[in-house]
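We count ligands from 1, going down the list as the structure has it; atoms in each ligand are counted the same way.
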Amino acid sequence: MTTIFSGIKPTGHLTLGNYLGAVSRWVGIDQHRADALFSVVDLHALTVEHDPARVRRLSRQTATLLLAAGLDPDVCTLFVQSHVDEHARLSFLMECVATDGELRRMIQYREKSARAAKSGESVRFSLLSYPALMAADILAYRTDEVPVGEDQRQHVELARDLAVRFNHRYGQTFTVPRAVAPQVGARVMDLQDPTGKMGKSHADGSGVIYLLDDLAAVRKKIMRAVTDSGRDVVYDRAERPGVANLLDILAACGGGGDPAALAASYDSYGALKRDTAEAVIEVLRPLQERHAKLAADPGEVEGVLRAGAGRARSVARPVVDAAYAAIGLLPAV
Ligand code: AMP
Ligand code: TRP
């Protein structure tokens, strides 16, 4: 059976980008077709400046939203990364297999560290080693497929390289994983700056749709989305990124398969925005209703996470033990 693993960081409120780029696929396809594990990767949230209480709150909220979005604990495994020690245990071995140059080449590290340098902030060492931890997340479960948005493809490729290198040097231990991305929605852009991705930790949320946003605010944000000075509706990601983003969102929210074909049925930006807003609202409404019910019963979510961590541990433990033995560590008796 195919094994699928993916994760989401509790660094902010979940966005429509997270939903269309990753979560909707986990819910709709992945959990049913494979042995699927999904994790709130809280250790990753510590790689940037953070408030401990907020990380705790967001971890719980993220797990609750994943269940509200439709992850079914009877068919998949949902857990919090730090509840399963194997991730941190394997991460160190990954740091011993990865090279300094390889980690410094990661686009996300280069972008984030350049931004920090500009504003005079320091960069945590863990931001550099982050992809080693992510590789550990993936390899500890002998994962075949990693469903992620486009921005994470390079990290999954590094996990592949590390698996191949480890197996070659120390003996067959890990499955070599590959990234899988959705057809539409793999890169949802910010509504106010459609050349940048819609990210959950943006300081100004006016271009970001959060899954728990008030529905009237969702409509407003979409109606105010930046388009361009043209008037006809065409799908051109390079020249008309704002309009293309709306078409992508509409297509991914059930407006009908192909964003380029959808463009032909519109002759004004206003109509496109109205329909996109309605389509997004129809996706968010039931999700918000289920979230409200689940949030009222935190004991249930805790139970799901406890059982999930137990299951995850039982899979990861023997794999990580095998890696420890292969690399030359004396087994504990
Ligand atoms: P993160 O928010 O970085 O923890 O990402 C969790 C998942 O959502 C990853 O699979 C990302 O690739 C995906 N994701 C995040 N932002 C976007 C976006 N704007 N468009 C598409 N996918 C995204
Ligand atoms: N780095 C991923 C992101 O920012 C989150 C993540 C951590 C992840 N570990 C993972 C995704 C393992 C897939 C598999 O989105």
Side-chain angles (χ1 to χ4, degrees), residues 3-27 30 36-48 55 58-59 61-63 65-66 69 79-82 84 86-88 90-91 94 106-109 111-112 126-127 129-141 143-160 162-163 177-202 207-211 237 241 245 248-249 252-253 312 316:
T3 299
I4 286 181
F5 181 95
S6 199
I8 194 155
K9 297 187 301 263
T11 44
H13 297 281
L14 257 59
T15 71
L16 189 65
N18 294 131
Y19 183 78
L20 297 179
V23 178
S24 66
R25 193 199 143 107
W26 304 351
V27 169
D30 295 330
L37 299 111
F38 302 104
S39 184
V40 177
V41 288
D42 53 350
L43 296 173
H44 281 90
L46 312 184
T47 59
V48 290
V55 169
L58 287 172
S59 295
Q61 187 196 71
T62 302
L65 269 170
L66 292 176
F79 69 102
V80 174
Q81 181 190 33
S82 67
V84 180
E86 269 49 50
H87 295 252
L90 185 56
S91 180
M94 292 297 117
M106 294 291 115
I107 296 163
Q108 187 171 297
Y109 173 73
E111 285 178 359
K112 285 194 181 171
S126 56
L127 190 66
S129 57
Y130 174 122
L133 176 59
M134 179 161 162
D137 299 340
I138 296 167
L139 302 186
Y141 299 93
T143 301
D144 300 288
E145 292 182 19
V146 188
V148 282
E150 248 347 286
D151 62 321
Q152 294 301 316
R153 187 173 284 278
Q154 195 189 28
H155 290 158
V156 179
E157 262 148 35
L158 178 71
R160 264 182 91 82
L162 299 183
R178 65 188 182 91
V180 288
Q183 299 273 312
V184 225
R187 194 163 166 80
V188 178
M189 310 308 269
D190 187 287
L191 297 174
Q192 289 301 316
D193 171 16
T195 58
K197 82 161 183 174
M198 185 183 282
K200 59 167 117 76
S201 35
H202 291 185
V208 180
I209 301 209
Y210 296 100
L211 299 185
R237 282 204 132 206
N245 191 34
D248 276 338
I249 293 173
C253 287

(request) Please check if the side chain of Arg178 supplies one atom and the backbone of Glu145 the other of a donor-acceptor pair under 3.5 Å. (result) no
(message) I need the Lys9 NZ to Asn18 CG distance, nearest 0.5 Å.
(response) 8.5 Å
(request) Say whether Gln108, considering both its backbone and side-chain N or O atoms, lies within less than 3.5 Å of an N or O atom on ligand 2. (result) no
(request) Do me a favour and list the nearest non-hydrogen protein atom to atom 22 (N) of ligand 1 with residue, atom name and distance? (result) Gly17 O, 3.2 Å
(request) With heavy atoms only and a cut-off of under 4.0 Å, state how Met189 meets ligand 1: side chain, backbone, both or neither. (result) neither
(message) To the closest 0.5 Å, what do you measure between CD (Glu157) and CD (Gln152)?
(response) 11.5 Å
(request) Would you mind telling me if ligand 2 is within reach of the side chain of Leu133, the backbone, both or neither, using heavy atoms under 4.0 Å? (result) neither
(request) Report the nearest protein non-hydrogen atom to atom 2 (C) of ligand 2: residue, atom name, distance rounded to 0.1 Å. (result) Gln152 OE1, 3.3 Å
(message) With heavy-atom distances below 4.0 Å as the criterion, list the atoms of ligand 1 near Gln152.
(response) 12 (O)
(request) List the closest protein heavy-atom neighbour of atom 21 (C) of ligand 1: residue, atom name, distance to the nearest 0.1 Å. (result) Ala186 O, 3.1 Å
(request) Please identify which atoms of ligand 2 are closer than 4.0 Å to at least one heavy atom of Val146. (result) 13 (C), 14 (C)
(request) Output yes when the distance from some N or O of ligand 2 to some N or O of His155 is under 3.5 Å, and no in every other case. (result) no
(request) State, yes or no, whether a side-chain contact exists between Leu58 and Thr11 at a heavy-atom distance under 4.5 Å. (result) no
(request) Please report which non-hydrogen protein atom sits nearest to atom 10 (O) of ligand 1, along with the residue it belongs to and the distance in Å to one decimal place. (result) Gly149 N, 3.1 Å
(message) What I want to check is whether the side chains of Ser82 and Asp42 have a donor and an acceptor closer together than 3.5 Å.
(response) yes
(request) List the atom of Pro131, the atom of Met106, and the distance in Å for their closest heavy-atom pair. (result) CG-CG, 3.9 Å
(message) Evaluate Asp151 against Lys197 for salt bridge (charged side-chain N to carboxylate O under 4.0 Å, His left out), listing each step before the verdict.
(response) CA-CA 9 Å; Asp151 62 321; Lys197 82 161 183 174; 2.7 Å; yes
(request) Report yes if some N/O of Val148 lies less than 3.5 Å from some N/O of ligand 1; otherwise report no. (result) no
(message) Please check: side-chain N/O of Thr143 versus main-chain N/O of Leu139, any donor-acceptor pairing under 3.5 Å?
(response) no
(request) Please indicate whether any nitrogen or oxygen in Asp151 is less than 3.5 Å from any nitrogen or oxygen in ligand 1. (result) yes
(request) Give the residue, atom name and distance (to 0.1 Å) of the protein heavy atom nearest atom 20 (N) of ligand 1. (result) Val188 N, 2.8 Å
(message) Suppose I only count heavy atoms of Ile8 and a 4.0 Å limit; which atoms of ligand 1 are within that range?
(response) 4 (O), 6 (C)
(message) Is it the case that ligand 1 has an N or O less than 3.5 angstrom from some N or O of Ala22?
(response) no
(request) Specify the closest pair of heavy atoms between Phe5 and Pro147, including all atoms of both residues, with the distance to one decimal. (result) O-CD, 3.6 Å
(message) Does only the side chain of Val148 get under 4.0 Å from ligand 2, or the backbone, or both, or neither? Count heavy atoms.
(response) side chain
(request) Tell me yes or no: between the side chains of Tyr130 and Lys112, is some donor less than 3.5 Å from an acceptor? (result) no
(message) Could you identify the single nearest non-hydrogen protein atom to atom 5 (O) of ligand 1 and state the distance to 0.1 Å?
(response) Asn18 ND2, 3.4 Å
(message) Show the atoms of ligand 2 that are less than 4.0 angstrom away from any heavy atom in Phe5.
(response) 12 (C), 14 (C)
(request) Report the distance from atom CZ of Phe38 to atom CD1 of Ile4, rounding to the nearest 0.5 Å. (result) 6.0 Å
(message) With heavy-atom distances below 4.0 Å as the criterion, list the atoms of ligand 2 near Ser6.
(response) 13 (C), 14 (C)
(message) Show the atoms of ligand 1 that are less than 4.0 angstrom away from any heavy atom in Met198.
(response) 16 (N), 18 (C), 19 (N)
(message) I want to check something: taking the side chain as every heavy atom from C-beta on, are Tyr210 and Leu14 in contact at a cut-off of under 4.5 Å?
(response) no
(message) What's the separation between atom CG in Leu191 and atom CG in Leu16, rounded to the nearest 0.5 Å?
(response) 8.0 Å
(message) I'd like to check which ligand 2 atoms, numbered from 1 as shown, lie under 4.0 Å from a non-hydrogen atom of Ile138.
(response) 12 (C), 14 (C)
(request) Grab the two heavy atoms, one from Ala181 and one from Arg153, that are nearest each other, plus how far apart they are. (result) CB-NH2, 3.7 Å
(request) Verify whether the ring centers belonging to Phe79 and His87 lie closer than 6.0 Å. (result) yes
(message) With heavy-atom distances below 4.0 Å as the criterion, list the atoms of ligand 1 near Arg187.
(response) 20 (N), 21 (C)
(message) Among all protein heavy atoms in this structure, tell me which lies nearest to atom 9 (N) of ligand 2, with the distance rounded to 0.1 Å.
(response) Asp137 OD2, 2.7 Å
(request) Provide, to 0.1 Å, the distance between atom 4 (O) of ligand 2 and the closest protein heavy atom, together with that atom's residue and name. (result) Lys9 NZ, 2.7 Å
(message) Starting from atom 1 (N) of ligand 2, what is the nearest protein heavy atom, named by residue and atom, and what distance separates them?
(response) Tyr130 OH, 2.7 Å
(message) Under a plain distance cut-off of 3.5 Å, with no hydrogens placed, do Asp137 and Gln81 share a side-chain donor-acceptor pair?
(response) yes
(request) Please identify which atoms of ligand 1 are closer than 4.0 Å to at least one heavy atom of Lys200. (result) 1 (P), 2 (O), 4 (O)
(message) Any side-chain to backbone donor/acceptor pair from Asn245 onto Pro194? Under 3.5 Å, distance only.
(response) no
(request) Report, in ascending order of atom number, the atoms of ligand 1 lying under 4.0 Å from any heavy atom of Gly21. (result) 21 (C), 22 (N)
(message) Give me the nearest non-hydrogen protein atom to atom 5 (C) of ligand 2 as residue plus atom name, then the distance to 0.1 Å.
(response) Gly7 O, 3.7 Å
(request) May I ask you to list the atoms of ligand 2 that are less than 4.0 angstrom from any heavy atom of His44? (result) 7 (C), 9 (N)
(request) Between Asp151 and ligand 2, find which residue part has any heavy-atom pair under 4.0 Å and reply side chain, backbone, both or neither. (result) neither
(message) I want to check something: taking the side chain as every heavy atom from C-beta on, are Asp248 and Arg237 in contact at a cut-off of under 4.5 Å?
(response) yes
(message) Below 3.5 Å, N or O to N or O, backbone or side chain included: is there any such pair between Lys9 and ligand 1?
(response) yes
(message) Can you confirm, on distance only, whether ligand 1 has an N/O atom lying under 3.5 Å from any N/O atom belonging to Glu150?
(response) no
(request) Give yes or no for whether the N/O distance cutoff of 3.5 Å, strictly under, is met between Gly7 and ligand 1. (result) no
